[in-house]
Amino acid sequence: MSSPEDRQKDPARATVRRILAGRETHSPAARAEARAPVNIALVKYWGKRDDRLNLPVTSSLSVSLAGLDTETEIRVCGKPDRLELDGRTIEPEAPALRRLSGFLDLFRTSPDMAFQVCSRNPVPTAAGFASSASGFAALVRALDALFAWRLDARELSLLARLGSGSACRSLYEGFVEWHAGTRPDGMDSHALPLPYTWPNLRVGLWTVDAGEKVLSSREAMQRTVLTSPLYSAWPTTVEADLAAMREAIRTRAIGRFGETLEGNALAMHATMLAARPAIFYPGAGSLEAQQRVRAARADGLPVWFSMDAGPNLKLFFLEPDRAAIGALFPGLRIVPAGGSGAN
Ligand code: PMV
């Protein structure tokens, strides 16, 4: 248990105090629920400049997946906190529940206040399909409803970032940029939507292995930043990729879009490969899947892949190629991305 002095100094608590300052303190409702979309980074967030506040070294850019939401219900209950994930009760000492409780500590208004959280994910949990991002984004929205804070999306993005960095991007639909910010207190490090849409962009989720990842992205990032000799090239790579990606989205240039997203994902994995000891998320199945995507492209099909901190692939392509891609990669879960605007 941390002392009141430690709590006073904790920078995450300072962020919460600052955001909630001036809001009326309502006693919480009995229950609340909310949802938030899964997001996939097109230009990745990899490496923190502050571990306690999840402040990133670089900005990043993502797309939210339409109709693929985490749904979360929260209730106030007697101690201890409880978590149900996809219908399964999580053991009290399990890492997922400890992490959740640590986050909820930021919001308790009395020492014996506890919460029961039930969350349903549309994608396998902790397998590199960004379930923690949509999970924390849905959770801060549910807390906002429970306590009737009425925060705006930027404020919710700042709070979600404290749970999981990439969660700050799941507060918006369509294309989203997380601005790294420069302030030590992180108040300028939040996501904002990009003013572009691409209605016929599609993402295919390819589950190569639904098992949970062995190394958390938090640990993997830390080790990469501290030990990888390739990490020093990462910020300049990201800067160039962000510029290329914004332009590719603005002009709907699928070739440039695909090359940038695949190159960026592989560059991120390259920084990990050079870490000591090496971090290697793709299994044999993922490597074979990557080869099949490259072969399809060599045969003239415009399709590219991305990968995060897990063995699974996300394919990006346009609606007119959906039938060909569905036939070539059976079992792909295909969802719209890129927002629904008509421009
Ligand atoms: O937000 P975290 O700690 O789960 O890290 C996410 C890291 C990647 O998914 C690999 C990249 C990203 O930008 O989402």
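In each ligand, atom 1 is the first atom listed, and ligand 1 is the first ligand listed.
Near D308, the atoms of ligand 1 lying under 4.0 angstrom from a non-hydrogen atom of the residue are 8 (C), 9 (O), 10 (C), 11 (C). Applying the 4.0 Å criterion to heavy atoms of G165 picks out, from ligand 1, the atoms 1 (O). Residue W46 has at least one heavy-atom neighbour below 4.0 Å for each of these atoms of ligand 1: 10 (C). Set against the non-hydrogen atoms of S132, the atoms of ligand 1 under 4.0 Å away are 4 (O).
Remark: among candidates A41, S166, P56, the nearest residue to atom 6 (C) of ligand 1 is S166, based on non-hydrogen atoms.
Nearest heavy atom pair, residue G285 against residue V208, reads C-CG1, 3.5 Å. Residues N54 and W178 share a closest heavy-atom pair of O-CZ2, 3.5 Å.
A133 does not count as a contact of ligand 1, since none of its heavy atoms falls under 4.0 Å from the ligand. Using a 4.0 Å cutoff on heavy atoms, W178 does not count as a contact of ligand 1. Within the 4.0 Å heavy-atom cutoff, S60 does not count among the residues contacting ligand 1.
W198 and F257 have their aromatic ring centers within a separation under 6.0 angstrom.
Residue K44 has no N or O atom closer than 3.5 Å to an N or O atom of ligand 1. Residue K48 places no N or O, backbone or side chain, under 3.5 Å from any N or O of ligand 1. Any N or O atom pair closer than 3.5 Å counts here, and S217 shares at least one such pair with ligand 1.
If you look at R218 next to ligand 1, there are no close heavy atoms at all, none under 4.0 Å.
Ring geometry for W149 versus F107: interplanar angle of 30 to 60°, hence tilted. Taking the six-membered ring where tryptophan is involved, the planes of W46 and Y281 are perpendicular, since the angle between them exceeds 60° and thus also 30°.
Annotation: side chain to side chain donor-acceptor pair (under 3.5 Å) contacts of S60 (sequence neighbours excluded): R169.
Side-chain N or O atoms of N121 include none that pairs as donor or acceptor with a backbone N or O of T70 at under 3.5 Å.
Side-chain contact between K314 and L205: present, with at least one pair of heavy atoms (C-beta onward) separated by less than 4.5 Å.
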